[in-house]
> 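Take this structure, written in structure tokens, and hold onto it; I'll ask about it next.
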There are 2 protein chains.
Amino acid sequence: MNPELRTSRPTLMSLAGELGVSRQTISNVINNPEIVKPETRDRVLAAIAASGYRPSAVGRALRTQRSLSIALRLYPAVDGVNGAIMDRFVHSLAVSAQYKGYRISLFAADSADDEVEVIDALHRASSIDVAVLTDTHTGDARPAGLIAARVPFVAFGRPWGADGSSHCWVDVDGSAGTESATRSLRAGGHTRVGFLGWPAGSGVGDDRRAGWARAVSDLPGSSELDLGVEDGAQPGAEAAAELLARGATALVCSSDSLALGALTVCRGLRADGRLPLVGFDDTPVARALGLSSVHQPVELAAERLIGMVDDILDGRTPPEPQQLLTPELVLRDLAPFAQ
Amino acid sequence: MNPELRTSRPTLMSLAGELGVSRQTISNVINNPEIVKPETRDRVLAAIAASGYRPSAVGRALRTQRSLSIALRLYPAVDGVNGAIMDRFVHSLAVSAQYKGYRISLFAADSADDEVEVIDALHRASSIDVAVLTDTHTGDARPAGLIAARVPFVAFGRPWGADGSSHCWVDVDGSAGTESATRSLRAGGHTRVGFLGWPAGSGVGDDRRAGWARAVSDLPGSSELDLGVEDGAQPGAEAAAELLARGATALVCSSDSLALGALTVCRGLRADGRLPLVGFDDTPVARALGLSSVHQPVELAAERLIGMVDDILDGRTPPEPQQLLTPELVLRDLAPFAQ
DNA sequence: TGAGGCTTTTTGATCGATCAAATCCGTAAC
DNA sequence: GTTACGGATTTGATCGATCAAAAAGCCTCA
């Protein structure tokens, strides 16, 4: 290790020596100001400000047995337009965490099992107090794994298919988003609204499909206007063409990737500048092209998750351990250059 | 704080007691295995494995004065197609850091000054050992600020306009990327290759422009085929139209955002499936659309930066404190749906 | 004068590791 | 048979904070 870098920072002891008070008094000024005599407090605060003293997070963590760090797995950049939603989430989480005095500690993993293993290892090493799971899916083994390892955690995403009350989570109601998108298209006069989604079986995908289905349940023949394909622009374009051939005049998609693909095919459907096409996730591409999309309130989700973390670590039971947030439909006119 | 969560993890002391050896012996097995008698070592290793013991990162950090944490500022998700490059970088950094035993600690900031302040505070609190700067630009005050605060750091990006040897950095040679893109278009027969970039003045933008300029310096009249506009698809489309009007038959762009805008305008220039149009950053959108682009080796950059961090913290002088990496041109045929 | 009850401050112990130095032990040399 | 040596292991001190409890200071009142 490099000794040159060991800039001798002030410590409770060094500050106490200079000030002629005990270390505990300074500690109290920081953690329990109300029990210190006002004059003493002011004198100490001035000295703290002058010296630039900051309590060592390490010393504190050792004594209190709290690292105030939150583990978050970073997935490899996905090969598609989506994933941008995760950027926003990670940033929001960093902001909320910082605000409440926590730090986000990143890690990478090769698989779900590996993820649990890494989290467990970080936790056993007291590097982190708690983990945040993202991208929950049907048959997700991570919650059970973490419970077995006794690592506290919260999830961004419902425990699809499993018991929803076994742990804390926040999720966005995707079906509300697609339902709102579908009804908006119907309000525009469309009676043949198709759904361009993923193959049945994924929790998120089925949920988004369900919202569309609710909104078209009174329209006969709608079940033919439902296609499930792999995510991506090319599959989206092909499936969109098929849906139009079956008579659809408007489309709701499970992702902006699919919508991007559908864009070209749907150009003919344009009324005014707006396309009867709605994507999902409100990614930068959708904004750039002027594509309508469903916007997830990830900032809010992050804030709620950090609130739960705070409750858990302080020994409180989160008042609302499971929260479903409502997304917002963003309607846009196609960008001039894309028309 | 919640006492229920204090699962009493094994410690050096508890393990030592059960095994009948001293704590230091176990410590040695972990940190200096070669000085421990093989039989003892095996016995200790078995006990470590059985108990699931992991050295407390906190205890270790307190003693060694090294947190093994690296600060990284997370920018708000930018409103554009770009920024995706940062995703890849952050992920790569997490991977490389983890591999070398470091952790990435995220934080958010409102401004450059705030960023320096937060980093300094984290450093004074011993939460981090070192910081990684990204998005360096002309007139960047952060390096000087961190040097003044005596916080070690490395940068992803050159110190544009400033002394390049004052600190460690890794950057990608943007001009080599645009030059290669331009030469590739010329090899395809084009003699009127335009450059669609940003207004002069930004280090990154001027560098990318310079690469194009080098590659067309022998073609008279090329200087008219250079436009600088704000980043974005709409400005890109408008500027592309103007360049074509001036006689350009091929375009090299400073970003995939600009290229996305140019895409529509350039459709007529297509020869076979490939467009004489090259973007920059190789973002997911470019891949989705089948747009040629310049790919930055961010994984390598991250690896090199972590290597430098490792050198700095261990008191070594990095053998190559400033590194310029070469990007790679990725040529693609337009996706069928986008044609 | 000094005992009692506050408020305010200080002292001792502890969290879990590593460094540095001391001790232990078996073997070889004189 | 004692000394010296080198490998293996153990002991004491320390990193920087907080908790818990003791001590000190101050005012009141008998």
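So that the names make sense, note that chain A is the first sequence line, chain B the second, and so on, each numbered from 1. Everything quoted here is computed from the prediction, not taken from an experiment. Computation of the quantities below employed the complete heavy-atom set of this structure, encompassing side-chain atoms and omitting hydrogens, waters and symmetry-equivalent molecules.
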> Between the main-chain N or O of A/Ala109 and the side-chain N or O of A/Asp114, is there a donor-acceptor pair closer than 3.5 Å?
no
> Determine whether B/Glu303 and B/Leu93 satisfy the following criterion, side chain to side chain contact (heavy atoms under 4.5 Å, CB included), listing intermediate values before the conclusion.
CA-CA 7 Å; B/Glu303 194 183 319; B/Leu93 204 64; over 6 Å; no
> For the pair made of CZ in A/Arg43 and C1' in C/dT9, what is the distance, rounded to whole Å?
12 Å
> Quick one: how far along DNA chain D does chain A reach, first to last nucleotide 5' to 3', anything under 4.0 Å to a heavy atom?
D/dG16 to D/dA20
> Please find the pair of heavy atoms, one from A/Val116 and one from A/Gly145, that lie closest to each other, and give the distance.
CG1-C, 4.1 Å
> Apply side chain to side chain contact (heavy atoms under 4.5 Å, CB included) to B/Ala112 and list each qualifying residue two or more places apart in sequence or on a separate chain.
B/Arg142
> Taking five pairs at each end, how big is the angle between the two axes of the helix from C/dT1-D/dA30 to C/dC30-D/dG1, to 10°?
80°
> Apply the side chain to side chain contact (heavy atoms under 4.5 Å, CB included) test between B/Asn28 and each candidate in B/Val44, B/Val36, B/Val21; give the one that qualifies.
B/Val36
> Tell me, which pairs form a ring-ring contact (aromatic ring centres under 6.0 Å, His included) where one or both residues lie in residues 90-121 of chain B, sequence neighbours left out?
none
> Where is the tightest heavy-atom contact between A/Pro318 and A/Ile312, given as atom of each residue plus distance?
CG-CG1, 4.1 Å
> Residues from residues 25-41 of chain A sitting under 4.0 Å of DNA chain D, heavy atoms only?
A/Ser27, A/Asn31
> List the residues meeting side chain to side chain contact (heavy atoms under 4.5 Å, CB included) with A/Ala131, not counting sequence neighbours, and say none if there are none.
A/Ala71, A/Ile119, A/Phe153
> Assess, by modelled atom type and distance only, whether the side chains of B/Ser126 and A/Arg9 contain a donor and an acceptor separated by less than 3.5 Å.
yes
> Between B/Thr134 and B/Met86, is any pair of side-chain heavy atoms under 4.5 Å apart?
yes
